[in-house]
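Owing to the predicted nature of the structure, the values given are computational and were not obtained by experimental measurement.
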Amino acid sequence: MYIVQIASECAPVIKAGGLGDVVYGLSKDIERREHTVEIILPMYDCMRYDHIWGLHNAYEDLNVSWGGGSVHCSVFCGWVNGLLCFFIQPHSNDNFFNRGCYYGCNDDFMRFAFFSKAALEFLCVTGKRPDILHCHDWQTGLIPVMLYEMYKWRGMDSLRVAYTIHNFKHQGIAGSDVLAATGLGNEGYYFSYDRLRDNFNPFGINLMKGGIVYSNHVNTVSPHHAWEARYSDVSYGLGHTLDVHQGKFSGILNGIDYNTWDPETDEFIPHHYTAKNISSKAKNREALRERLLLRNDKKPIVAFIGRLDFQKGVDLVHHSLHYSLRRNAQFVLLGSPTGKEISDRFWSEKHHLNENPDCHLELAFNEELAHLIYAGADMIVIPSNFEPCGLTQLIGLRYGTVPVVRGVGGLVDTVFDKDYDENHEPEERNGFVFYQNDQVALESALERAIGLWHYFPDEFRQLQKQGMEYDYSWKTSGKKYIELYDFLRDK
Ligand code: ADP
């Protein structure tokens, strides 16, 4: 099969969160199964060029009709750990991808609508006819719309679209100017509720809704979140649309790339280990302390790694920091704040705790440090408000770092409480789970985890090993995507 992924991220070149990991890890798995996969991405000025091999101009004259005129683009091509990637670089005064950031601009809708159109135009004029276009999140929601309404008439009627929603919170609600710019036009047609009109904002078109309505299949990234999306409020207003399209909606659990995330070979950690010699993990704890100037003491390290965002439960992250310090543990936070208010709050906390030898707050995105924290910490806390899948608990498990999580979304599918999980035998349990979204609930789980470390170290070690024995690689999930692609192309 021939699959083209179109996305706004692909690790390690472009990564703001889990989307980048998934596009990369899934593509690697598809390639391992001997299918052909290519990835189309925007050519951001701030991406990690050092991770691209053999970057060269592959297509000089891509002209994309846009806003009544035409935008001239170059398409670069290069390999990211062996994966063939195409990067679209528009030459226009809008400077869509020369902003020093991936997201967060006022015209993000235009930037990614343009990218979507340019990706289709590139496939169209180069004669590339994949069996499957796999699109991700709102940034590429217009692709199935434009494919069906415009490009199908230009020899692209054989393509089928799989659309994956990694986060329902960000849907891309835009004005009619996007319709005009892309050339879709015909406001009346697209502004109908069974097409793109937002379910709550009658003046907006919803790009993610377009992806749902027009794709051949839609999935989110865990079975439990697929259920939540339909039956609770975590689909942020798209529940009805999912209900209408329930026959083509599913949940497929994310995996992680076991070559990137492997404590036996990880190039960013000083001491390698496996479940069998997990005692070597303690040396990474020492290395982490040394790097972050934490005191060497007989206490566990609790970590948080992630975007500092409402989604991640920042209030409870903040509380877990102070609670851990009170309960004789150390705390390490690696977080990228997503807004000014959250940023100010954690910067002020960082200054306040500057002299404390038991905690460190690193307010940045730092891939290398993340690896060392996964290896050096004893527990990872994930108190999310909602979590479509969550990768940090999967990476934590792989590194023997016990997850302490709120039971939502993909966390329910992957973490099983040591003391209370009734669906798993004691030897299958791998972490600590709490459900209520409050401090008391968090404390009940964190206290059990820290207590186990202090008072029952053998049991704690056993729990770490049980977590490491889980297989959350792409082995199972990749197979599910291949089966899905196969099913779609026969339709
Ligand atoms: P998200 O909602 O951000 O997609 P996930 O748990 O699915 O959350 O994926 C997060 C990914 O991003 C993981 O690989 C995690 O290690 C990484 N990550 C998040 N924040 C940071 C950071 N500040 N520095 C380094 N890596 C980070």
Side-chain angles (χ1 to χ4, degrees), residues 5 7-11 15-30 134-140 162-171 208 211-212 217-232 234-236 238 242 249-258 260-261 304-307 309-313 338 370 374 380-399 401 403-416 430-431 433 435 467 470-481 484:
Q5 309 265 355
S8 53
E9 295 181 33
C10 176
K15 172 169 165 177
L19 172 63
D21 285 321
V22 171
V23 171
Y24 173 80
L26 174 60
S27 302
K28 275 312 251 187
D29 186 78
I30 294 170
H134 191 163
C135 303
H136 301 265
D137 271 349
W138 74 264
Q139 290 86 350
T140 55
Y163 182 55
T164 299
I165 297 174
H166 300 257
N167 197 326
F168 279 100
K169 177 99 194 282
H170 307 285
Q171 300 181 0
M208 181 173 276
I212 296 172
H217 188 86
V218 185
N219 77 293
T220 187
V221 288
S222 69
H224 190 72
H225 193 61
W227 182 88
E228 289 173 337
R230 285 196 54 204
Y231 300 112
S232 78
V234 299
S235 51
Y236 287 89
L238 284 173
L242 293 174
F249 178 58
S250 69
I252 302 178
L253 191 70
N254 279 339
I256 51 169
D257 182 63
Y258 267 30
T260 307
W261 301 107
F304 170 85
I305 299 175
R307 291 177 298 115
D309 182 81
F310 163 81
Q311 175 193 338
K312 302 292 174 187
T338 55
Y374 285 118
I380 181 152
V381 65
I382 312 170
S384 302
N385 278 313
F386 67 93
E387 196 59 77
C389 175
L391 298 183
T392 55
Q393 83 278 17
L394 304 185
I395 305 170
L397 288 167
R398 175 84 164 141
Y399 281 71
T401 305
V404 179
V405 308
R406 176 148 180 258
V408 288
L411 297 165
V412 170
D413 293 318
T414 52
V415 181
F416 313 115
N430 58 12
V433 184
Y435 291 93
Y470 267 85
D471 185 347
Y472 287 124
S473 68
W474 279 101
K475 210 160 93 193
T476 312
S477 310
K479 185 162 172 272
K480 289 201 171 134
Y481 275 107
L484 171 65

### pair H134-T164: side-chain heavy atoms closer than 4.5 Å
yes

### Message
Could you check whether any side-chain N or O of D137 sits under 3.5 Å from a backbone N or O of Q139, counting only pairs where one atom can act as donor and the other as acceptor?
### Response
no

### Query
Taking the side chain as C-beta and beyond, is there a heavy-atom pair between F416 and V433 under 4.5 Å?
no

### Query
Does the separation of the ring centres of Y374 and W261 fall below 6.0 angstrom?
yes

### Task
Decide yes or no for L484 and H217: does some side-chain heavy atom of the first lie under 4.5 Å from some side-chain heavy atom of the second?
yes

### Query
C10 and V23: which non-hydrogen atoms are nearest, and at how many Å?
CB-CG1, 4.1 Å

#### Entry: Side-chain heavy-atom pair I382, V404 within 4.5 angstrom cut-off
no

### Main-chain N/O of L397 paired with Y470 side-chain donor or acceptor, under 3.5 Å
no

### Query
Is there a side-chain contact (heavy atoms from CB on, under 4.5 Å) between T414 and L394 once you walk through the steps?
CA-CA 8 Å; T414 52; L394 304 185; 3.6 Å; yes

### Query
How long is the span from the CD1 atom in I305 to the CD1 atom in I395, to the nearest 0.5 Å?
7.5 Å

### Task
Look at the side chain of E9 and the backbone N and O of A16, then say whether any donor-acceptor pair between them is shorter than 3.5 Å.
yes

### Task
Give a yes-or-no answer on whether the side chains of D29 and Y481 include a donor-acceptor pair shorter than 3.5 Å.
no

### Message
Pair Y24, K15 - check side-chain contact (heavy atoms from CB on, under 4.5 Å), show working.
### Response
CA-CA 10 Å; Y24 173 80; K15 172 169 165 177; over 6 Å; no

### Query
What distance separates K169 NZ from S235 OG, expressed to the nearest 0.5 Å?
13.5 Å

### Query
Roughly how far, to the nearest 0.5 Å, is CG of L26 from CG of D257?
10.5 Å

### N219 side-chain N/O to S250 backbone N/O, donor-acceptor pair under 3.5 Å
no

### Query
Is it the case that S8 and H136 place a side-chain donor and acceptor less than 3.5 Å from each other?
no

### Spatial distance of atom NZ (K28) from atom CH2 (W474) [nearest 0.5 Å]
14.0 Å

### Query
Can you check whether Y258's main-chain N or O pairs, donor with acceptor, with R398's side chain at less than 3.5 Å?
yes

### Task
Might you point out which heavy atoms bring V415 and G431 nearest each other, and give the distance in Å?
CG1-CA, 4.0 Å

### Task
Test E387 against K312 for salt bridge (charged side-chain N to carboxylate O under 4.0 Å, His left out), laying out the working first.
CA-CA 8 Å; E387 196 59 77; K312 302 292 174 187; 3.0 Å; yes

#### Entry: Flag if over 12 foreign heavy atoms under 6.0 Å of NZ, K475
no

### Message
When you measure from the side chain of S222 to the backbone of C389, do you find a donor-acceptor pair of N or O atoms at a distance under 3.5 Å?
### Response
no

### Message
So I165 and I212, do their side chains get closer than 4.5 Å, heavy atoms only?
### Response
yes

### Summary
Note: F304 and V381 closest approach over all heavy atoms is CD1-O, 3.4 Å

### Query
Can you name the nearest heavy-atom pair linking Q5 to S27, along with the distance?
CG-OG, 3.6 Å

### Query
Going from NZ on K480 to CD1 on I252, what distance comes out if it is rounded to the nearest 0.5 angstrom?
7.5 Å

### Query
Do the ring centers of Y163 and F249 come within less than 6.0 Å of each other?
no

#### Entry: Heavy-atom closest contact (L411 atom, R406 atom, distance)
CD1-O, 3.2 Å

### Task
Locate the shortest heavy-atom distance separating L253 from S477; write the atom from each residue and the value.
O-OG, 2.7 Å

### Query
Does any non-hydrogen side-chain atom of T338 lie less than 4.5 Å from one of F310?
no

### Query
Does Q311 reach the main-chain N or O of N167 with its side chain, forming a donor-acceptor pair under 3.5 Å?
no

### Query
What is the distance from atom CG of D413 to atom OH of Y472, rounded to the nearest 0.5 Å?
8.0 Å

### Task
Might you work through the side-chain contact (heavy atoms from CB on, under 4.5 Å) test for L242 and Y231, ending with a clear yes or no?
CA-CA 10 Å; L242 293 174; Y231 300 112; over 6 Å; no

